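All values derive from a computational prediction rather than experimental measurement.
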Amino acid sequence: QVQLVESGGGSVQAGGSLRLSCVVSGRTFSSYAMGWFRQAPGKEREFVASISRGGGNSYYANSVKGRFTISRDNAKNTVYLQMNSVKPDDAAVYYCAARSGPLVAVETQRYDDWGQGTQVTVSS
């Protein structure tokens, strides 16, 4: 069974930066495409970014494009989300997710395993 553990959340001022990490264990990390999602209070979980199995392809939600960067280190079984120029609307619980297969995906139902989430709070 795959286990995903996020870290790096916390409080950040608007305009600041934060880096989230997600360590994956239990299966071969390099066999999974990975994604980051977020959920704010009273809202549905939404797609943020995805990266292919090999790391060569990534895809972003329009709301974070140009500000967030997803990356992965297959040697460390870790996927990252670098968040720059953070806005108050970015405040949410951030989840990493794993899907079997090579390709990026935006739909939550395409992901097989999820972490418990890490809270990001943005102060203006």
statement: Across all chains, not counting sequence neighbours, the salt bridge (Lys or Arg N to Asp or Glu O under 4.0 Å) partners of Glu44 are none
message: Just verifying a value: how many Å separate Gln1 CD and Ser25 OG, rounded to the nearest 0.5 Å?
response: 9.5 Å
message: If the test is ring-ring contact (aromatic ring centres under 6.0 Å, His included), which one of Phe47, Tyr94, Tyr95 qualifies with Phe37?
response: Phe47
Compile the donor-acceptor pairs under 3.5 Å between side chains in residues 101-110 and protein atoms, sequence neighbours left out, one pair per line.
{"unit_1": "Glu107", "atom_1": "OE1", "unit_2": "Arg110", "atom_2": "NE", "d": "2.9"}

- request: Pick out which of Thr118, Leu81, Val93, Val23 makes a side-chain contact (heavy atoms from CB on, under 4.5 Å) with Glu6.
  value: Thr118
- line: Rounding to 0.5 Å, atoms OH (Tyr80) and CE (Met34) come to a distance of 12.0 Å
Show me, pair by pair, the donor-acceptor contacts under 3.5 angstrom made by side chains of residues 10-21, not counting sequence neighbours?
{"unit_1": "Ser17", "atom_1": "OG", "unit_2": "Asn84", "atom_2": "OD1", "d": "2.9"}

query: Is there a side-chain contact between Val122 and Val120 (heavy atoms, below 4.5 Å)?
result: yes
query: With sequence neighbours excluded, what pairs up with Arg27 under the salt bridge (Lys or Arg N to Asp or Glu O under 4.0 Å) test?
result: none
message: With clusters defined by side-chain heavy atoms of hydrophobic residues (ILVMFWY) lying less than 4.5 Å apart, directly or transitively, does Phe29 cluster with Tyr111?
response: no
Test item: Met83 and Trp36 side chains (from C-beta on) under 4.5 Å apart, heavy atoms: no
field: Gln3 atom CD, over 12 foreign heavy atoms within 6.0 Å
entry: no
- prompt: Looking only at heavy atoms, which two atoms of Ser52 and Arg72 are closest? And how far apart?
  reply: O-NH1, 2.8 Å
task: Please name all residues satisfying salt bridge (Lys or Arg N to Asp or Glu O under 4.0 Å) with Asp113, sequence neighbours left out, ordered by chain then number.
output: none
Side-chain atoms of residues 64-71: list all donor-acceptor pairs with protein atoms under 3.5 Å, sequence neighbours left out, distances to 0.1 Å.
{"unit_1": "Lys65", "atom_1": "NZ", "unit_2": "Asn62", "atom_2": "OD1", "d": "3.2"}
{"unit_1": "Arg67", "atom_1": "NH1", "unit_2": "Ser85", "atom_2": "O", "d": "3.0"}
{"unit_1": "Arg67", "atom_1": "NH1", "unit_2": "Asp90", "atom_2": "OD2", "d": "2.7"}
{"unit_1": "Arg67", "atom_1": "NH2", "unit_2": "Ser63", "atom_2": "O", "d": "2.8"}
{"unit_1": "Arg67", "atom_1": "NH2", "unit_2": "Asp90", "atom_2": "OD1", "d": "3.0"}
{"unit_1": "Arg67", "atom_1": "NH2", "unit_2": "Asp90", "atom_2": "OD2", "d": "3.4"}

statement: Separation between OG (Ser7) and CD (Gln116), nearest 0.5 Å, reads 13.5 Å
message: Rounded at 0.5 Å granularity, tell me how far CH2 in Trp114 sits from CZ in Arg45.
response: 5.0 Å
- line: The side-chain contact (heavy atoms from CB on, under 4.5 Å) partner of Tyr32 among Val2, Asn74, Asn77 is Val2
- prompt: Can you tell me how far CZ of Arg99 sits from OG of Ser31, rounded to the nearest 0.5 angstrom?
  reply: 11.5 Å
